[in-house]
Asks: 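Pasting a structure below so you can have a look.
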Number of protein chains: 2
Amino acid sequence: MRLSTKGRYAVTAMLDLTLQGGDGPVTLAEISETQGISLSYLEQLFACLRAKQLVRGVRGPGGGYYLGRPAEEISIADIICAVDEWVEFTRCGGNRDCRDGKRCLTHNLWDDLSNEIFNFLSNINLAQLVERGGLKEGGCIREKQKEATLPGGSGSQAA
Amino acid sequence: MRLSTKGRYAVTAMLDLTLQGGDGPVTLAEISETQGISLSYLEQLFACLRAKQLVRGVRGPGGGYYLGRPAEEISIADIICAVDEWVEFTRCGGNRDCRDGKRCLTHNLWDDLSNEIFNFLSNINLAQLVERGGLKEGGCIREKQKEATLPGGSGSQAA
DNA sequence: TTAATACCAAGTAATGCACTTGGTAATTAA
DNA sequence: TTAATTACCAAGTGCATTACTTGGTATTAA
């Protein structure tokens, strides 16, 4: 299982979609503005999500995206797997003869860790995620904040 | 906590060092050949490991590397943190006002997952890793396999 | 003195991420 | 019918990181 910022963007966008999706479809333009993710990048992410039927797109004015199925039935692992695709932690691509016929030294370790992470993320769905932080009353959602504070974005956010 | 191939290289190399380190120091050249990792890249990784005192280098002919402390006292998390350095899973670099004064939507999720992974990797040390797979009798170790099968390496291991 | 090793710094090719640009297709509202 | 709005699509760009290369210097055993 791979964990990158890409997967995190996708989860954030899906969470936004869950929160706003009560009345009608949500446009990518809205998600882009609220979450500070570029529109075209969202399009790419949603192309992956759509391929896995995690979202459903509606074209034309008044269109946008719906969740592909109830929020209770979409796990975080589903989302991450859709955009990041499953990448083994092992170097050998999953086959057993990675190092000259022998399993590579740390194969089992990464296997176990991968399962650990997958289980953790499989047991959390979008509905639970909404519950957990009391996000709904948070002003975080759909406040049309201006992007003035995100010039180029990124920047150095190490520490 | 960041999980990249870099960290996996480091763990693999440290595991090799643990297995071979019984009698005298182990040279990077040996690890390079056995594990199929370039010598100079190993040097860079070991510079990080040395800085965190996870290994101890001995110069000159007959030199090489020792573990910096007993294998029981070196966790996988120690190794990965040494080379990958700790990177928050959250987008905001750890501060609480990531999105206009509010914590970003999925902050808690990544926080929890990060802890989950860290705990998992903290509870496994090199000695346990050696035990677990019966690696010692495996022919995997120090067989002087030729690198003919690893031309450019990498390749596409998605799927 | 030589060879083997660690140690060091700079540069390079490949990759993936986040984004940009410039479209086409479908649908609604005028 | 037309225009606007949205999803949908493909190619390319800048950047950071990865994994590696090159070309050294420092230390020490033989």
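Treat the numbers as computed from the prediction; the structure is a model and nothing was measured. Just so we're on the same page: letters track the sequence lines, and every chain starts at 1.
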Asks: Grab the CG-P distance between B:Leu39 and D:dT21 for me, whole Å please.
Replies: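 Result: 10 Å.
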Asks: If Ile, Leu, Val, Met, Phe, Trp and Tyr residues are connected whenever their side-chain heavy atoms lie under 4.5 Å apart, and connections chain through other members, are A:Phe120 and A:Ile79 in the same group?
Replies: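 Shared cluster, yes.
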Asks: Do A:Glu72 and A:Asn125 get their side chains close enough for a donor-acceptor pair, meaning under 3.5 Å?
Replies: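 Result is no, nothing qualifies.
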Asks: Between C1' on D:dA7 and CZ on A:Phe46, what's the gap in Å once rounded to a whole number?
Replies: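 Whole-Å distance recorded here is 12 Å.
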Asks: Quick check: do A:Tyr41 and A:Lys6 have side-chain heavy atoms less than 4.5 Å from each other?
Replies: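 In contact.
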Asks: With a 3.5 Å cut-off and just heavy-atom distances, do the side chain of B:Ser38 and the base of D:dT21 make a donor-acceptor pair?
Replies: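 Flag unset: no donor-acceptor pair detected.
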Asks: Return the value, rounded to whole Å, for the distance between atom CD1 of B:Ile31 and atom C1' of D:dC20.
Replies: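 Those two atoms, CD1 and C1', are 17 Å apart.
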Asks: What integer distance in Å separates B:Leu42:CG from D:dT18:P?
Replies: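 Whole-Å distance recorded here is 15 Å.
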Asks: Picking from C:dC19, C:dC7, D:dC8, which would you name as closest to the side chain of A:Ile37?
Replies: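 So the side chain of A:Ile37 is nearest to C:dC19.
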Asks: Less than 4.5 Å apart, side chain to side chain, heavy atoms only: is that true for B:Met14 and B:Leu67?
Replies: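 In contact.
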Asks: Can you work out whether A:Ser40 or A:Gly60 has the more 5'-proximal nearest nucleotide on DNA chain C?
Replies: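 That would be A:Ser40.
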Asks: Report the distance from atom CG of B:Leu45 to atom P of D:dT17, rounded to the nearest whole Å.
Replies: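 Those two atoms, CG and P, are 16 Å apart.
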Asks: If you check the B:Pro61 side chain, which of D:dT21, C:dA3, D:dA19 turns out closest?
Replies: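 Output: C:dA3.
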Asks: In whole angstroms, how far is the P atom of C:dC8 from the CZ atom of B:Arg59?
Replies: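 Distance check: B:Arg59 CZ to C:dC8 P gives 7 Å.
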Asks: Select one nucleotide: of C:dC8, C:dA6, C:dA3, the one nearest the side-chain heavy atoms of B:Arg50.
Replies: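 Among the listed nucleotides, the one closest to the side chain of B:Arg50 is C:dC8.
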Asks: Out of C:dC19, D:dT18, D:dT6, which nucleotide sits closest to the side chain of A:Tyr41?
Replies: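 Between C:dC19, D:dT18, D:dT6, the one nearest the side chain of A:Tyr41 would be C:dC19.
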Asks: Does one side chain, of A:Ser75 or A:Asp78, offer a donor that lies under 3.5 Å from an acceptor on the other?
Replies: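 Present: a donor and an acceptor within the cut-off.
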Asks: Rounded to whole angstroms, how far apart are OH on B:Tyr65 and C1' on C:dA4?
Replies: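 So the OH-C1' distance, B:Tyr65 to C:dA4, works out to 14 Å.
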Asks: Of the nucleotides C:dC8, D:dA11, C:dA4, which has the atom closest to the A:Gln44 side chain?
Replies: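 The listed nucleotide nearest to A:Gln44's side chain is D:dA11.
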Asks: Could you state the NZ-P distance from B:Lys6 to D:dT18, rounded to the nearest angstrom?
Replies: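 These atoms are roughly 5 Å apart.
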